[in-house]
Student: 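Questions regarding the structure given below will be posed in turn.
Letters A, B, ... mirror the listed sequences (proteins, then strands); counts begin at 1.
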There are 2 protein chains.
Amino acid sequence: MMPLAAFQSYLQRHLPGLLEEEVAVFTGLFTPRTLRRQEVLVHQDEVGRHGAFVLSGCLRAYVTDAKGKEHILQFAPESWWIADQYSLLHQAPAQFSIDAVEASNVLLFDPAFYPRLRQLGPELQQFFYELLQNSVAAMQHRLIGVLSATAEARYLDFQQRYPTLAQRLPLRHIAAYLGITPESLSRLRKELARG
Amino acid sequence: MMPLAAFQSYLQRHLPGLLEEEVAVFTGLFTPRTLRRQEVLVHQDEVGRHGAFVLSGCLRAYVTDAKGKEHILQFAPESWWIADQYSLLHQAPAQFSIDAVEASNVLLFDPAFYPRLRQLGPELQQFFYELLQNSVAAMQHRLIGVLSATAEARYLDFQQRYPTLAQRLPLRHIAAYLGITPESLSRLRKELARG
DNA sequence: GCCATTTCTTATCCTACATCAAGGCCTTGC
DNA sequence: GCAAGGCCTTGATGTAGGATAAGAAATGGC
């Protein structure tokens, strides 16, 4: 299964200090899996059993609110991690669902991943700590955005931060990420196109 | 300085496995400090030099946007941690400011805290990992809130989650946290009072 | 290749909250 | 003790984006 090479190169890029043997052990913690478009990996309100590293394709984390509307917390294209970590670590009901936006190849990990990670030495631990910090920073940025910026400004910011995602994702998903209706996004795009 | 006892009991509650000696070493990483009301600990856009554990009083993390409006990311009353971790770890300009909402006693830590933490064994590391996870979860909850709920619903949720804060904080700060103007909060409260 | 479904757009009307303006009530300083 | 400034409220008006409805354009199944 070729796309695994994407994981090897990811490790080399971000954890160059890892010994070949450590890489092997670490890689052994994951289970490869293919997801079809729309296939659900984690169901909101059920205990999550997996998190994922995305080899190819794109996943999303989203909540479905009382009125049935979906709100997207995060997209995870190639080389991103996605999981409800809290649910995994505490075996608590998941706060959100995770599914595949596109047909995807992923590496799954399960709750046992965390204790094993700790045995694998400080470098990996620190790496995951920093990943988590990055997601805090990203979330803060989004929160500030919805608190202070217009939908148009948020859309432009999204395009700038994630140019490839902005092109390949269906607009309705982008709208659900920005926190507006597809109709509003459509209007907004027309405005922008006119200049 | 009496309020330090608050820290000791915090450690006992959350890290009961720590040896007396470890507690002493860990506590030695912090510098006590008093903050007057409104005193600023971290300035947005400057490199942050400190994070804090709050012994008494209350701090807040907030950003000031282009129009001069403040948006509050987090309140930190007694027994909470507050810091721009990314700024501390990477010595990058802070994404937000931190100041004291009330006169406060805090324990400061600096960038050297992180490497020392790693030397102090896995229990503390894991504890901080989980703290970070909790803040991700809290942030996600807020993001969902602003994306999907009305100002009224968010205010009620705030009152329920942080009943003491809801009482002791000035309303304009609560408004800045909820993402609405003080005028809107005032009106909203009148409605709720009429019920 | 054609029907069915989903996705995107457009138009109209509506609502939650912002903005602007002003007044009352505290606090705090001298 | 009173002036000055903050804080909260109230009112009038404005606006970004929502809700609804319906048509156009992709997409996919068979």
Student: Return the value, rounded to whole Å, for the distance between atom CD of A/Glu191 and atom C1' of D/dA16.
Tutor: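 Rounding to the nearest Å, CD of A/Glu191 and C1' of D/dA16 are 12 Å apart.
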
Student: Rounding to an integer number of Å, can you tell me how far A/Lys190 NZ sits from D/dA24 P?
Tutor: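 Distance, rounded to whole Å: 14 Å.
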
Student: Donor-acceptor check, side chain of B/Gln95 to backbone of B/Gln44, threshold 3.5 angstrom: yes or no?
Tutor: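 Absent.
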
Student: Which nucleotide in the set C/dT19, C/dC17, D/dG18 lies at the smallest distance from any side-chain heavy atom of B/Thr150?
Tutor: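 Among C/dT19, C/dC17, D/dG18, the one nearest the side chain of B/Thr150 is C/dC17.
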
Student: Does D/dG17 have its OP1 or OP2 closer than 4.0 Å to a side-chain nitrogen or oxygen of A/Thr181?
Tutor: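 Indeed not, no polar side-chain atom of A/Thr181 lies that close.
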
Student: Between atom CD in B/Glu70 and atom P in D/dC7, what is the gap in whole Å?
Tutor: 11 Å

Student: If you measure from CH2 on B/Trp81 to CZ on B/Phe128, what distance do you get to the nearest 0.5 Å?
Tutor: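 Those atoms lie 4.0 Å apart.
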
Student: For the pair made of CG in A/Leu192 and C1' in D/dA16, what is the distance, rounded to whole Å?
Tutor: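 Taking CG of A/Leu192 and C1' of D/dA16, I get 14 Å after rounding.
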
Student: What is the separation between atom CG on B/Leu185 and atom P on C/dA16, rounded to the nearest whole Å?
Tutor: 17 Å

Student: With the criterion being N/O to N/O and under 3.5 Å, what pairs connect the protein with nucleotides 4-8 of chain C, and how long is each?
Tutor:
{"unit_1": "C/dT7", "atom_1": "OP1", "unit_2": "A/Arg172", "atom_2": "NE", "d": "3.4"}
{"unit_1": "C/dT7", "atom_1": "OP1", "unit_2": "A/Arg172", "atom_2": "NH1", "d": "3.3"}
{"unit_1": "C/dT7", "atom_1": "OP1", "unit_2": "A/Arg172", "atom_2": "NH2", "d": "2.7"}
{"unit_1": "C/dC8", "atom_1": "OP1", "unit_2": "A/Leu171", "atom_2": "N", "d": "3.0"}
{"unit_1": "C/dC8", "atom_1": "OP2", "unit_2": "A/Arg172", "atom_2": "N", "d": "3.1"}

Student: Please say which of A/Leu35, A/Val40, A/Ile82 ends up in a side-chain contact (heavy atoms from CB on, under 4.5 Å) with A/Ile98.
Tutor: A/Ile82

Student: Do the ring centers of B/Phe53 and B/Tyr10 come within less than 6.0 Å of each other?
Tutor: yes

Student: Quickly work out the A/Arg187 CZ to D/dA19 C1' distance and round it to whole Å.
Tutor: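 The distance from CZ of A/Arg187 to C1' of D/dA19 comes to 10 Å, rounded to the nearest Å.
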
Student: For B/Lys67, report the nucleic acid contact type (base, sugar-phosphate, nothing); a contact means any heavy atom under 4.0 Å.
Tutor: nothing

Student: For the side chain of A/Glu183, starting at C-beta, report the closest nucleotide among C/dT10, D/dG18, C/dC17.
Tutor: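 Nearest to the side chain of A/Glu183 among the choices is C/dT10.
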
Student: Could you tell me the separation between the CZ atom of B/Phe113 and the CZ atom of B/Arg118, rounded to the nearest 0.5 Å?
Tutor: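 So the gap between those two atoms works out to 10.5 Å.
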
Student: Could you state the atom-to-atom distance from OH of A/Tyr155 to P of D/dA16 in whole Å?
Tutor: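 Computing the A/Tyr155:OH to D/dA16:P distance gives 19 Å.
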
Student: Does NZ or CZ of B/Arg60 fall inside the cone over B/Phe96's six-membered ring, less than 6.0 Å from its centre and within 45° of the axis?
Tutor: no

Student: Hey, could you give me the CD/CG distance between B/Glu130 and B/Asn134, rounded to the nearest 0.5 Å?
Tutor: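 Reported value, rounded in 0.5 Å steps: 7.5 Å.
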
Student: Roughly how many Å is it from CD1 in A/Ile180 to P in D/dA16, rounded to a whole number?
Tutor: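 Rounding to the nearest Å, CD1 of A/Ile180 and P of D/dA16 are 13 Å apart.
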
